[in-house]
Amino acid sequence: MEDNELLNIRREKIADLKSAGVDLYPNDVKPQNTTAEILGKFENSDSDALAALSETFSIAGRLMAVRNFGKAAFIKIQDYKGHIQGYIGKNSLSPEEYFVFKKLDIGDIIFISGKLFRTKTNELTIEAQKLKLLSKSIRPLPEKWHGLTDVETRYRQRYLDLIANSRVKEIFYRRSRIIKLIRQFMDDHDFLEVETPMMQPRAGGAVARPFKTHHNTLDTDLYLRIAPELYLKRLVTGGLERVYEINRSFRNEGIDTFHNPEFTMMEFYWSFADYRDLMSFTEKLFVFIAGDLFQGLKFTYQGTEIDLTPPWQRLSVKDALLQIAGMEPADLTDPARTIAFARKVGCDVKENDPLGKIHMAIFDEVVEKKLIQPTFVTDYPVAVSPLSRRSNTEPELVDRFELYICGREIANAFSELNDPVDQKERFLQQLHEREAGDDEAHEMDEDYIRALEYAMPPTAGEGIGIDRLVMLFTDSASIRDVILFPLLRTRQE
RNA sequence: GGGCCCUUAGCUCAACUGGCAGAGCAAAUGACUCUUAAUCAUUAGGUUGUCGGUUCGAUUCCGACAGGGCUCACCA
């Protein structure tokens with residue numbers, strides 16, 4: 001352990017406590033109350049009402065502040081859901097307990113029990129009649145007023161962030177709440193929650209580079225999944241007509257404020273529904289979540305007011321390119337003009353790229369960031385949608401939408417392609433692109449084709465990025481603020 | 001991967017044009033029985049991220065490296 005004056009002083013205190021026979025890490029004390037429970041119950045009780053209570057209350061938590069007055073002191077104890085003030089009077093504690101109190105440091109985990117009262121400044125306070133050290137802290141905490149702001153320390157030592165910054169705890173309570181609400185909503189609509197492989201012999205279901213690993217006994221290369229999609233649809237084929245999974249996927253791509261290599265997605269599949277059904281279903285889901293979190297449909301993200309009131313705007317890719325990107329109709333259909341337009345707005349496109357792919361490049365470059373209020377973008381080109389069902393009226397388009405809020409893709413959904421012949425052709429087309437140098441093109445999955453050959457019911461499926469949803473609903477600027485341990489470069493100690 | 005920026009005490013931050021590295025909080029000691037960023041006095045706390053260079057002299061200028069942030073590219 002490092003040689004540091006502050007640590008040495010604490011070690012001396014520990015020696016003093018030990019020689020007085022104090023157990024530094026006992027585990028035989030159980031608090032009967034929490035700070036939140038006490039504050040909730042008695043926030044409106046006046047001094048007389050508190051004095052009339054015969055009960056004693058006990059709490060345990062981290063000592064966050066000590067304000068000493070010679071023979072008395074006020075302390076702040078923080079637990080799971082909040083904090084409360086304690087009052088230490090020299091005459092209320094046994095000499096042994098008072099000795100322990102004098103050796104305490106900010107950061108120690110302690111237990112106190114006693115009666116409730118209100119101070120002269122009317123703060124609800126526990127007067128300690130018993131005090132016990134539950135776990136000794138050796139290292140000093142970050143400063144009480146400014147807290148911990150160094151982002152690197154916040155992510156690497158998230159426990160310090162959680163101790164010092166109460167807002168961080170609130171974000172992760174809310175993340176949990178959002179996921180709980182999603183489960184409730186899906187369960188209420190008769191969806192079955194399932195778990196499918198994270199380690200896959202082939203990484204399919206999305207267009208992305210995977211992480212590779214190896215199983216020793218089987219001597220087989222495996223990939224961390226980039227999406228659960230193909231497995232979930234195998235389950236639909238098996239008769240699980242409504243399934244969902246909320247779990248991690250892994251993509252070996254860049255890291256920035258909207259991308260973490262591992263991220264949480266919900267995917268769900270709904271037989272005998274189509275992508276239009278998914279639009280209204282998605283609206284209902286978001287309304288359900290927002291109604292619980294905000295008691296309303298409006299909230300602010302990074303200074304912009306977002307209104308979730310349905311119905312949300314529906315906009316085809318083509319209309320988006322005409323109306324928002326400012327393309328002429330001929331720019332969409334004449335390949336030379338399309339490429340010229342793409343290059344003009346700064347897209348890196350190849351001469352032989354499919355037209356649909358170039359359209360999407362322009363869309364991503366120009367349109368995406370302008371879709372602030374919730375918008376369903378529909379009618380994607382088949383070239384960028386190898387797993388989606390073709391439109392009945394326009395076979396070069398697919399029955400698909402992506403949901404954009406605040407210029408970011410939040411969800412991706414489509415009517416599923418369940419024609420095994422067409423699916424095989426799409427995979428072959430992707431193989432061509434892979435051979436042409438696109439190492440993110442989708443791989444062939446023969447077993448998935450075989451499953452479709454047994455007939456999969458007409459189905460619609462959707463994936464929702466949970467981290468991005470949580471960012472939105474917690475007004476967080478970075479995905480790292482909604483993931484407890486975001487991936488950072490490992491540091492040599 | 002490219003560009004720009006950041007790294008000084010446990011934490012939050014100063015230090016002019018290169019001239020003895022400072023404050024607040026936290027800590028120690030003392031005073032104080034109603035404070036809540038308690039107050040007052042005293043004290044201690046540093047290889048200025050690492051390595052190298054320029055210089056009489058480097059926290060400061062230059063180079064390399066490490067880590068981080070923003071951004072562009074790729075992606076969700």
Side-chain angles (χ1 to χ4, degrees), chain A residues 2-10 12-13 47 64-76 83-92 102-103 105-107 117-125 127 137-157 160-161 163-165 205-210 226-227 249-265 267 346-348 360-361 364-365 368 402-404 408-412 438-440 463-469 471 477-480 486 488-493:
Chain A
E2 64 231 79
D3 193 34
N4 175 300
E5 188 204 2
L6 294 171
L7 299 186
N8 284 332
I9 289 167
R10 295 213 179 182
E12 283 171 26
K13 285 187 186 176
S47 293
M64 296 301 288
V66 178
R67 294 180 284 277
N68 232 310
F69 289 86
K71 297 187 187 63
F74 293 93
I75 62 177
K76 178 175 163 186
H83 54 85
I84 197 167
Q85 179 168 268
Y87 176 81
I88 306 291
K90 188 176 183 180
N91 301 328
S92 309
K102 284 308 211 182
K103 296 284 178 192
D105 287 295
I106 287 170
F117 74 108
R118 283 199 182 271
T119 62
K120 282 180 187 166
T121 50
N122 206 36
E123 176 148 346
L124 187 62
T125 303
E127 179 175 13
S137 160
I138 300 174
R139 292 179 181 272
L141 286 181
E143 194 220 355
K144 62 183 171 184
W145 184 241
H146 298 92
L148 180 66
T149 60
D150 180 84
V151 284
E152 188 176 352
T153 310
R154 288 185 47 219
Y155 298 146
R156 287 191 193 278
Q157 294 177 267
L160 289 181
D161 196 23
I163 292 167
N165 300 322
V207 173
R209 271 189 295 272
I226 55 175
S249 288
F250 307 84
R251 297 189 185 175
N252 207 340
E253 312 273 4
I255 300 177
D256 61 32
T257 48
F258 279 84
H259 300 84
N260 194 59
E262 53 179 311
F263 64 102
T264 302
M265 212 173 24
E267 281 200 12
C347 300
D348 180 25
M360 290 319 300
D364 290 344
E365 185 68 32
E368 199 178 279
E402 286 191 356
L403 169 63
Y404 285 86
R408 287 288 164 175
E409 183 189 337
I410 302 292
N412 177 21
D438 183 352
D439 58 354
E440 294 186 347
I464 298 177
I466 298 297
D467 310 286
R468 291 182 175 182
L469 191 68
M471 286 172 71
S478 170
I479 198 168
R480 289 185 286 268
L488 298 182
R489 207 178 288 268
T490 49
R491 194 163 207 183
Q492 293 179 356
E493 297 283 337

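In this text the structure is predicted, and so the values were computed from the model without any measurement. Proteins get letters first, then strands, A, B, ... in listed order; numbering begins at 1 in each.
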Considering only atom [atom1], compute the distance from [N] to [M] and round it to an integer number of Å.
N     : M     : atom1 : result
B/G57 : B/C4  : P     : 30 Å
B/A41 : B/U47 : C1'   : 33 Å
B/G45 : B/C40 : P     : 23 Å
B/G3  : B/C56 : C1'   : 38 Å
B/A15 : B/G19 : C1'   : 13 Å
B/C72 : B/G52 : P     : 38 Å
B/A21 : B/U60 : P     : 13 Å
B/U50 : B/U43 : P     : 29 Å

How many whole angstroms separate atom [atom1] of [X] from atom [atom2] of [N]?
X      : N     : atom1 : atom2 : result
A/N8   : B/U43 : CG    : C1'   : 17 Å
A/K76  : B/A26 : NZ    : P     : 13 Å
A/Y155 : B/G67 : OH    : C1'   : 15 Å
A/R118 : B/U35 : CZ    : P     : 16 Å
A/E253 : B/C74 : CD    : C1'   : 6 Å
A/D256 : B/G68 : CG    : P     : 15 Å
A/H83  : B/U35 : NE2   : P     : 19 Å
A/E5   : B/A27 : CD    : P     : 12 Å

Pairs: protein N or O with nucleotides 31-33 of chain B N or O, under 3.5 Å:
residue, atom, partner, partner atom, Å
B/C32, N3, A/G70, N, 3.4
B/C32, N4, A/G70, N, 3.3
B/U33, OP2, A/F69, O, 3.4
B/U33, O2, A/Y87, OH, 2.4
B/U33, O4, A/N91, ND2, 3.0

For nucleotides 3-11 of chain B, which of its nitrogen or oxygen atoms have a protein nitrogen or oxygen under 3.5 Å away, and what is each distance?
residue, atom, partner, partner atom, Å
B/G10, OP1, A/N4, ND2, 3.4
B/C11, O2', A/E143, N, 3.2
B/C11, O2', A/G147, O, 3.0

Excluding sequence neighbours, so at least two apart, what forms side chain to side chain donor-acceptor pair (under 3.5 Å) with [X]?
X      : result
A/E402 : A/Y380, A/R400, A/Y404
A/T119 : A/T121
A/R468 : A/H259
A/N252 : none

Does a side-chain N or O of [X] approach OP1 or OP2 of [N] to a distance below 4.0 Å, or not?
X      : N     : value
A/K144 : B/A26 : yes
A/K13  : B/A28 : yes
A/R156 : B/G68 : yes
A/R67  : B/U35 : no
A/T125 : B/C34 : no

Applying a 4.0 Å non-hydrogen cut-off, can you work out what [X] is touching in the nucleic acid: base, sugar-phosphate, or nothing?
X      : result
A/R154 : nothing
A/N412 : nothing
A/R468 : base
A/E409 : sugar-phosphate
A/T257 : sugar-phosphate
A/D364 : nothing
A/R489 : sugar-phosphate
A/I410 : nothing

Could you give the distance from [atom1] ([X]) to [atom2] ([Y]), rounded to the nearest 0.5 Å?
X      : Y      : atom1 : atom2 : result
A/N8   : A/I138 : CG    : CD1   : 11.0 Å
A/D105 : A/I9   : CG    : CD1   : 9.0 Å
A/I84  : A/L124 : CD1   : CG    : 5.0 Å

Give a yes or no on whether the backbone of A/R480 and the side-chain of A/N260 come within a donor-acceptor separation of less than 3.5 Å.
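No.
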With sequence neighbours left out, what residues match A/K102 under side chain to side chain contact (heavy atoms under 4.5 Å, CB included)?
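So A/K102 forms a side chain to side chain contact (heavy atoms under 4.5 Å, CB included) with A/N68, A/Y98.
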A/R67: which residues meet the side chain to side chain contact (heavy atoms under 4.5 Å, CB included) condition with it, sequence neighbours left out?
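Expected list: A/A65, A/F69, A/F74, A/Q85.
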Can you confirm whether A/R154 sits close enough to A/N165 that some side-chain heavy atom of one is under 4.5 Å from a side-chain heavy atom of the other?
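A/R154 reaches A/N165 side chain to side chain.
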Under a 3.5 Å cutoff on both atom distances, Watson-Crick or G-U, what's the dot-bracket for RNA chain B ([ ] crossing, | other strand)?
(((((((..((((.....[..)))).(((((.......))))).....(((((..]....))))))))))))....
Between [options], which nucleotide gets closest to the side-chain atoms of [X]?
X      : options             : value
A/E365 : B/U35, B/A37, B/A73 : B/A73
A/R251 : B/A76, B/G69, B/A28 : B/A76
A/I9   : B/A27, B/G45, B/C74 : B/A27

Heavy-atom nearest nucleotide on RNA chain B taken for A/I106 and for A/V66; more 5' hit belongs to A/I106
By the salt bridge (Lys or Arg N to Asp or Glu O under 4.0 Å) test, which pairs, at least two apart or in different chains, include something from residues 249-260 of chain A?
A/R209-A/E253
Tell me whether the count of non-hydrogen atoms from other residues, nucleotides or ligands lying under 6.0 Å of NZ in A/K90 goes above 12.
no
Considering residues at least two apart in sequence or located in another chain, which fulfil the ring pair (Phe, Tyr, Trp, His ring centres under 6.0 Å) criterion with A/F117?
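Checked A/F117 against ring pair (Phe, Tyr, Trp, His ring centres under 6.0 Å); matches are A/Y87.
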Output all residues satisfying ring pair (Phe, Tyr, Trp, His ring centres under 6.0 Å) with A/Y155, sequence neighbours left out; order by chain, then residue number.
none
